[in-house]
Amino acid sequence: MTKYLLKRAGQALLVLWAAFTAAYILLQAMPGDSILIKFQDPELGLSPEQIAKIREYYDAGGYLHTVLGFLHGDFGYSVDTGTPVVERLAEGLPETAKLATCAFVLAVLLAVLIAFGSAYSGRLRGLLLAVPSLFISVPAFWLGILLIQVFSFRLRLVPVIGGAELQQLVLPVLTLAVPISAPIAQVLARSIDRVLTQPFVPVVAAKGASRSWILWRHVARNALPPTLTVAGLVFGELIAGSVVTETVFGRTGVGRLTEQAVNAQDTPVLLAVVVLAATAFVLVNLLVDVLFPVLDPRLAT
């Protein structure tokens, strides 16, 4: 088990390094100049020499210096605001974490309802299995606008501006949860169908077990491993999904910060966001890898 965990941890660190390196190279090669965008404004009255000094300040150190800074928790300074990138992330991360966690929990609940509902009901099976395809084909920005139009302007159930914290979360969570629930539901439904064809299922049924007991006691555990893998991959998409969702609903978070950084070509902030998203992705998938041997002890050997 220890060897298995060390191997997975080493792979996780390699993925983080690769993500950081790729993001650093791509951001350095990005067309445009964030320094000129920010400081070459006639109203600021900066001379070319002063702009050159500012450029030296932000570009000092290179790749190795940036790597060492990240290892010590120093992400540099935002070109757009001049404040430490850590402070900008600290402002938006709690809201994004709250939104992503609620959306992920809701997505899992929707996926479980769809997958097990299709296994229970023969009449509604075709309809329920078609739902994930519908969910995954809906653009997040369109869904967000539609939810605002229906629940805020038409039904007046959720205020667009103001309202309690829970009310402010409802529509963004739905917007983010619906698309990511689709792949989880598809894989879980297929896993359930595969497990139901295994020889042990008729044996358990012959002993008098109800269909509910078979599904929840025997089938669910055997159908979980593939679903956990997909859930871990989907969780990594939440940061990307939050960019659209937080922009549509005007929420302050990492997604909104990313949108602002892209507009300003604020490379230190963008690099930090990429590393943050990669870290979340790696940690969740590392947790999934740790859970696999618990569900299937053969993997620990």
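For the atom pair CG (Leu196) and CG (Leu215), the distance works out to 6.0 Å, reported to the nearest 0.5 Å. Remark: Ser118 OG to Ile192 CD1 distance equals 6.0 Å, nearest 0.5 Å. In this structure, CZ on Phe249 lies 10.5 Å from CG on Leu169, to the nearest 0.5 angstrom. To the nearest 0.5 Å, the span separating CG on Leu228 from OG on Ser191 amounts to 10.0 Å.
In terms of the side chain to side chain donor-acceptor pair (under 3.5 Å) criterion, residue partners of Glu259 (sequence neighbours excluded) are, by chain and number, Asn263. Listed by chain and residue number, Ala182, Pro183 satisfy the side chain to side chain contact (heavy atoms under 4.5 Å, CB included) test with Ile136 (two or more places apart in sequence, or in another chain). Under the rule for a side chain to side chain contact (heavy atoms under 4.5 Å, CB included), the partners of Leu155 that lie at least two apart in sequence or sit in another chain are Val150, Phe151, Leu157. For Asp193, the salt bridge (charged side-chain N to carboxylate O under 4.0 Å, His left out) criterion is met by Arg125, not counting sequence neighbours. Every residue was checked against the side chain to side chain contact (heavy atoms under 4.5 Å, CB included) condition with Thr252, not counting sequence neighbours, and none meets it. With sequence neighbours excluded, no residue satisfies salt bridge (charged side-chain N to carboxylate O under 4.0 Å, His left out) with Glu87. In this structure, the ring pair (Phe, Tyr, Trp, His ring centres under 6.0 Å) partners of Phe70, at least two apart in sequence or on a different chain, are Phe20, Phe75.
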Donor-acceptor contacts, no H, no angles, side chain residues 273-287, under 3.5 Å, sequence neighbours left out:
residue: Thr279; atom: OG1; partner: Val275; partner atom: O; Å: 2.7
residue: Asn285; atom: ND2; partner: Gly232; partner atom: O; Å: 3.4
residue: Asn285; atom: ND2; partner: Phe281; partner atom: O; Å: 2.7

In residues 170-178, what donor-acceptor pairs under 3.5 Å come from side-chain atoms, sequence neighbours left out?
residue: Thr175; atom: OG1; partner: Leu171; partner atom: O; Å: 2.8

Could you list the donor-acceptor pairs under 3.5 angstrom formed by side chains in residues 92-109, with sequence neighbours left out?
residue: Glu95; atom: OE1; partner: Arg251; partner atom: NH2; Å: 2.9
residue: Thr96; atom: OG1; partner: Gly92; partner atom: O; Å: 3.3
residue: Thr96; atom: OG1; partner: Glu246; partner atom: OE2; Å: 2.8
residue: Thr96; atom: OG1; partner: Val254; partner atom: N; Å: 2.6
residue: Lys98; atom: NZ; partner: Glu165; partner atom: OE2; Å: 2.2
residue: Thr101; atom: OG1; partner: Ala97; partner atom: O; Å: 2.7

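Donor-acceptor pairing under 3.5 Å is lacking for the side chains of Tyr24 and Thr267. Side chain to side chain, Thr83 and Thr81 meet the donor-acceptor criterion of an N or O pair below 3.5 Å.
In this structure, the side chains of Pro268 and Asp266 come closer than 4.5 Å at one or more pairs of heavy atoms. Under the 4.5 Å side-chain criterion, counting only non-hydrogen atoms from C-beta, Leu143 is not in contact with Phe135. You'll find the side chain of Thr247 reaches within 4.5 Å of the side chain of Arg256, heavy atoms only. You'll find the side chain of Leu128 stays beyond 4.5 Å of the side chain of Phe116, heavy atoms only. A 4.5 Å side-chain heavy-atom check between Leu271 and Thr66 finds at least one atom pair inside the cut-off. Side-chain contact check for Pro226 versus Arg194: some heavy-atom pair is nearer than 4.5 Å.
In this structure, Trp216 is a member of the same hydrophobic cluster as Ile214, with clusters built from ILVMFWY side-chain heavy atoms closer than 4.5 Å. Linking ILVMFWY residues whenever their side-chain heavy atoms come closer than 4.5 Å, directly or via other members, places Val131 and Leu146 in the same cluster. Connection of Leu89 to Leu71 is established within a shared hydrophobic cluster, with ILVMFWY side chains joined at heavy-atom distances below 4.5 Å, either directly or through further cluster members. Each of Leu13 and Leu6 belongs to its own hydrophobic cluster when Ile, Leu, Val, Met, Phe, Trp and Tyr are linked at side-chain heavy-atom distances under 4.5 angstrom. With hydrophobic clusters built from ILVMFWY side chains whose heavy atoms lie under 4.5 angstrom apart, Ile25 does not share a cluster with Val67.
Across all non-hydrogen atoms, the minimal contact from Gln186 to Ser133 is NE2-OG, 3.8 Å. What you find for Ala261 and Leu270 is that their closest heavy atoms are CB-CD2, 3.7 Å. Across all their heavy atoms, Val86 and Gly73 have their closest contact at CG2-O, 3.4 Å. Residues Ile184 and Val230 come closest through the heavy atom pair N-CG1, 4.1 Å. Heavy atoms only, all atoms of each residue included: Val248 and Gly144 are closest at CG1-C, 4.2 Å. Heavy-atom minimum distance, Val85 versus Ser78: CG2-N, 3.7 Å.
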Under the side chain to side chain contact (heavy atoms under 4.5 Å, CB included) rule, what do Arg88 and Gln260 come out as? Steps first, then yes or no, please. CA-CA 11 Å; Arg88 301 203 67 186; Gln260 294 171 350; 3.5 Å; yes

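Through direct or relayed side-chain contacts under 4.5 Å between Ile, Leu, Val, Met, Phe, Trp and Tyr, Val203 connects to no other residue.
The list of side chain to side chain donor-acceptor pair (under 3.5 Å) pairs with a residue in residues 135-163, not counting sequence neighbours, is empty.
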